[in-house]
Q: 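Sharing a structure below in structure tokens format, with a few things to ask.
The residues of the chain are indexed from 1 along the displayed sequence.
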Amino acid sequence: MTVVRGFEGNVGGALPVSWGAAVLQQAGKLINSASGHVSSIADLDELTSQGFASPTPDMALPAGVPTMGLQVVAIDTTAKYGELLRVDTGKAGGLVAHAQNKGHHYYVFDSDRSRRRYCHHRIDALLKRLLYAEPEVPTTDREFLLDVGLALDPSHPAVHAVRCHYADGDYAVQIARAAVEPDSEREFESLLDALTTVGDEYAISYEGGVAAGGGLDVDVASRTLHNLRTLHEQSASKLVTHFSFLETKVPAPRFREMKAASAILVFRADIEERTLGEKLSRVLELRLLESLLRGQQPEWLPRTEQLFAAVLAVTHPSPETKVRHRRGNAEYEQVQLPSGDADDIDVEVEEIAVFGVQTGIMNHASQIEATIFPARVLTVSATDDGEGEVPSGARLLPRTDDVLFRPTTFTVERRVNAKRRERFFLKGLEWLSTGESEVVRAIPSSIVKGAFLVDVEIVVERPDQERLKVGEDYYDGLQHRQLEASKKLVLWWSEQCKRLELTFAQKNQGRWLPPAKLPRITALNRVLVALHRLGGEAHQSLVVAKVNEIFDVNVRINNTRREVLRNPEKIEFDEGDEPVLRLTSIGRAYAHVWSALGILPE
């Protein structure tokens with residue numbers, strides 16, 4: 001058995017965090033996990049006394065975990081801001097062992113990359129505390145937080161940019177530029193530029209065309225602001241994903257003024273009595289808008305149809321209109337359209353967390369097969385999350401034979417391009433262990449094949465080894481490493497999803513993503529939608545007329561009556577002198593979903 005007994009580093013200094021290569025005890029020898037070097041000193045206390053290592057509580061490694069590359073992080077949770085450094089042991093990717101002793105927590109990560117991912121998550125927490133604190137963090141605490149951030153990652157671009165913002169003079173900038181790694185230089189410079197120019201206004205000027213004679217018509221101004229709002233909706237979440245230390249809700253750009261008798265829209269980020277974090281998020285979005293209007297779209301921002309259309313509308317409101325923009329007091333410059341093949345544009349990009357089981361591992365663990373519904377199997381990369389990173393939790397796949405057929409939450413990014421090609425990228429996976437629970441925020445639709453219900457919360461619990469629980473319903477007979485058992489689990493889950501989708505639809509909760517291949521609506525669902533538009537109850541002749549109006553068809557009363565009689569669970573039929581059709585609760589749910597998908601004729 002291999003045991004982690006310490007690490008190459010020191011505990012007890014001025015900062016509450018330290019890290020280094022693990023010191024392993026294996027077959028009576030002390031081994032450095034980074035170099036593989038076997039120490040000539042076999043006693044850890046002697047190694048510690050000579051300043052080569054710090055002891056930790058003994059932490060046994062699970063079978064099958066490679067020892068090379070292990071890294072240990074030690075934190076003092078009793079220190080000021082120490083709580084910001086704690087690890088959620090159920091969520092941390094690459095965590096293979098952990099222990100605590102006298103206020104100190106020790107975490108063993110499987111690689112430098114996993115340790116760096118932890119460090120970056122903690123740096124995000126430190127920066128959020130610093131940037132969004134009200135009142136502002138005192139100067140000594142600010143310096144302490146930045147020092148802790150650099151102890152976690154000495155080359156972190158955001159920590160260096162914030163440090164430079166508070167520093168007096170150019171020396172700090174020179175030091176930061178020397179410390180930041182080459183592939184992070186652009187991010188450092190953009191953050192430093194944003195922090196040092198928060199007070200600069202950003203202006204978009206319209207001349208001629210829709211602005212001829214001075215000013216803008218109200219309808220043109222309204223459309224322009226609407227499209228700027230669309231740009232915000234398309235980019236805000238991705239801005240937070242890229243600059244992960246920002247708070248999750250980026251405020252919309254502040255429209256400062258429209259100068260009299262002109263068509264100049266002026267935006268500003270430096271709003272009084274707002275936190276530095278909010279100001280920074282606002283100015284970063286204005287810089288993003290500036291880049292888009294220069295025809296320069298960042299690689300981390302998905303190229304969606306809505307984004308492209310909004311940029312086009314803002315930059316080219318009419319053929320005769322000249323549109324220019326500028327930052328601060330710089331000269332106005334002509335706007336440009338982004339280049340690229342329109343067919344490559346992702347018209348839909350959504351990150352969803354779904355439940356299922358891993359039913360395959362392929363190509364030397366570079367791909368996995370995730371079954372999330374009886375007829376819905378996703379094949380996704382386990383080495384590339386769509387941005388060149390290894391998905392969270394996927395690093396252990398090649399190192400254990402106990403990954404298949406386990407209840408799992410998969411976080412995936414779903415992309416649909418202009419050709420309606422659907423792609424999925426795995427962002428992370430979490431196995432549901434005994435005594436734990438997970439929140440599932442998306443489920444495949446049982447009503448419309450290929451669609452997803454999102455923006456919901458479904459708690460899946462595993463109270464013991466052999467059972468799952470959703471609400472008051474249980475699944476018994478959960479077994480590892482058995483394909484047939486996993487098939488039964490997926491069938492049970494699909495029944496839960498069908499029940500829950502009807503409930504959410506009846507309560508008007510959640511949001512539905514349309515399938516990649518837009519389906520043809522059936523005769524029954526046309527009736528349901530028509531009745532829905534008529535308030536849920538109407539004379540059959542009115543329903544037939546509404547079906548023909550909405551869907552541009554020519555159906556007859558007899559055809560409609562046949563669909564009604566075949567589906568009494570969805571439509572009630574009062575036959576008499578005035579035959580009336582009425583939606584049942586299930587019928588209302590089906591009609592709500594089809595209407596919510598946004599794929600019906602207006």
Side-chain angles (χ1 to χ4, degrees), residues 190 193-194 197 200-240 242 249-271 281-349 417-418:
S190 66
D193 173 64
T197 59
D200 285 357
E201 294 178 339
Y202 178 67
I204 304 173
S205 171
Y206 295 86
E207 301 172 13
V210 299
L216 281 174
D217 290 337
V218 169
D219 59 340
V220 177
S222 177
R223 284 197 303 271
T224 302
L225 292 177
H226 172 76
N227 283 296
L228 289 169
R229 172 70 185 182
T230 299
L231 289 175
H232 166 72
E233 292 171 346
Q234 289 286 303
S235 62
S237 63
K238 297 302 176 183
L239 193 71
V240 172
H242 186 68
K249 187 171 178 59
V250 176
R254 175 63 63 93
F255 177 43
R256 184 61 177 256
E257 62 179 311
M258 175 180 271
K259 296 185 177 180
S262 74
I264 301 176
L265 310 181
V266 180
F267 301 87
R268 190 166 184 178
D270 191 11
I271 303 172
S281 66
R282 287 179 179 274
V283 76
L284 285 172
E285 186 167 7
L286 289 178
R287 296 295 178 267
L288 176 59
L289 176 60
E290 182 181 19
S291 296
L292 291 172
L293 268 56
R294 284 177 171 163
Q296 302 165 351
Q297 184 163 334
E299 59 184 16
W300 48 265
L301 181 65
R303 191 176 160 79
T304 67
E305 184 179 47
Q306 295 95 326
L307 185 79
F308 188 86
V311 172
L312 179 62
V314 169
T315 56
H316 291 76
S318 77
E320 303 82 17
T321 306
K322 181 179 180 181
V323 184
R324 301 186 299 166
H325 64 145
R326 75 174 182 183
R327 186 206 304 184
N329 296 318
E331 295 293 323
Y332 276 105
E333 62 180 85
Q334 193 74 23
V335 298
Q336 302 290 332
L337 264 180
S339 59
D341 183 357
D343 287 337
D344 293 333
I345 295 173
D346 287 319
V347 296
E348 298 169 25
V349 179
N417 67 13

Q: Which heavy atom of Ala252 sits nearest to which heavy atom of Arg229, and what is that distance?
A: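 Nearest pair, atom of Ala252 first, then Arg229: CB-NH1, 3.5 Å.
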Q: Can you tell me how far the NZ atom of Lys238 sits from the CG atom of Leu288, to the nearest 0.5 Å?
A: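 The distance works out to 13.0 Å.
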Q: Of all the heavy-atom pairs spanning Pro251 and Glu285, show the shortest one and how long it is.
A: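 The answer is O-OE1, 3.4 Å.
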Q: Might you point out which heavy atoms bring Arg282 and Ala269 nearest each other, and give the distance in Å?
A: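 Arg282 and Ala269 have their closest heavy atoms at CB-CB, 3.7 Å.
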Q: Under 3.5 Å, side chain of Ser281 to main-chain N/O of Val250, donor-acceptor pair present?
A: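 Answer holds: no.
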Q: Is there a side chain to side chain contact (heavy atoms under 4.5 Å, CB included) between Asp200 and Arg287 once you walk through the steps?
A: CA-CA 11 Å; Asp200 285 357; Arg287 296 295 178 267; 4.2 Å; yes
Q: Could you give me the CA-CA distance, side-chain angles and deciding distance for Ile264 and Ile204, then say whether side chain to side chain contact (heavy atoms under 4.5 Å, CB included) is met?
A: CA-CA 6 Å; Ile264 301 176; Ile204 304 173; over 6 Å; no
Q: Quick one: does any side-chain atom of Thr224 pair with a main-chain N or O of Val220 as donor and acceptor, under 3.5 Å?
A: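 Confirmed, Thr224 side chain pairs with Val220 backbone.
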Q: Show the nearest heavy-atom pair for residues Val210 and Leu216, with the distance to one decimal.
A: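 Nearest heavy atoms, Val210 then Leu216: O-CD2, 3.6 Å.
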Q: How long is the straight-line distance from OG1 of Thr315 back to CG of Leu292, given to the nearest 0.5 Å?
A: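 The OG1 atom of Thr315 is 10.0 Å from CG of Leu292, to the nearest 0.5 Å.
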Q: Decide yes or no on side chain to side chain contact (heavy atoms under 4.5 Å, CB included) for Gln296 and Gln336, but give the supporting numbers first.
A: CA-CA 8 Å; Gln296 302 165 351; Gln336 302 290 332; over 6 Å; no
Q: Rounded to the nearest 0.5 Å, what separation is found between the CG atom of Leu286 and the CD atom of Glu201?
A: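 These two atoms lie 10.5 Å from each other.
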Q: How long is the gap from CD on Glu333 to CG on Leu293, to the nearest 0.5 Å?
A: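 With rounding to 0.5 Å, CD (Glu333) is 9.0 Å from CG (Leu293).
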Q: State whether a side-chain donor-acceptor pair under 3.5 Å links Glu290 with His325.
A: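 Judged by distance alone, the side chains do not pair up.
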Q: For the CD atom of Gln297 and the OG atom of Ser235, what is their distance to the nearest 0.5 Å?
A: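 The OG atom of Ser235 is 10.0 Å from CD of Gln297, to the nearest 0.5 Å.
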Q: Under the side chain to side chain contact (heavy atoms under 4.5 Å, CB included) rule, what do Leu228 and Phe267 come out as? Steps first, then yes or no, please.
A: CA-CA 11 Å; Leu228 289 169; Phe267 301 87; 3.5 Å; yes
Q: Can a donor-acceptor pair be found, under 3.5 Å and without considering hydrogens, that links the side chain of Arg268 to the backbone of Tyr202?
A: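 A pair under 3.5 Å: no.
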Q: Spell out, as yes or no, whether a donor-acceptor pair under 3.5 Å connects the side chain of Ser237 to the backbone of Glu233.
A: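 It does not hold such a pair.
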Q: So which heavy atom on Ala263 is nearest to which on Ala211, and how close?
A: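 Shortest heavy-atom contact: CB-CB, 3.7 Å.
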Q: Which heavy atom of Thr321 sits nearest a heavy atom of Gly209, and at what distance?
A: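 Looks like OG1-CA, 3.4 Å.
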Q: Distance check, rounded to the nearest 0.5 Å: Arg324 atom CZ versus Glu207 atom CD?
A: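 Result: 4.0 Å between the selected atoms.
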Q: If you draw a 6.0 Å radius around CG in Asn329, do more than 12 non-hydrogen atoms from other residues or ligands fall strictly inside?
A: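 Atom CG in Asn329 is not packed in, count stays at 12 or less.
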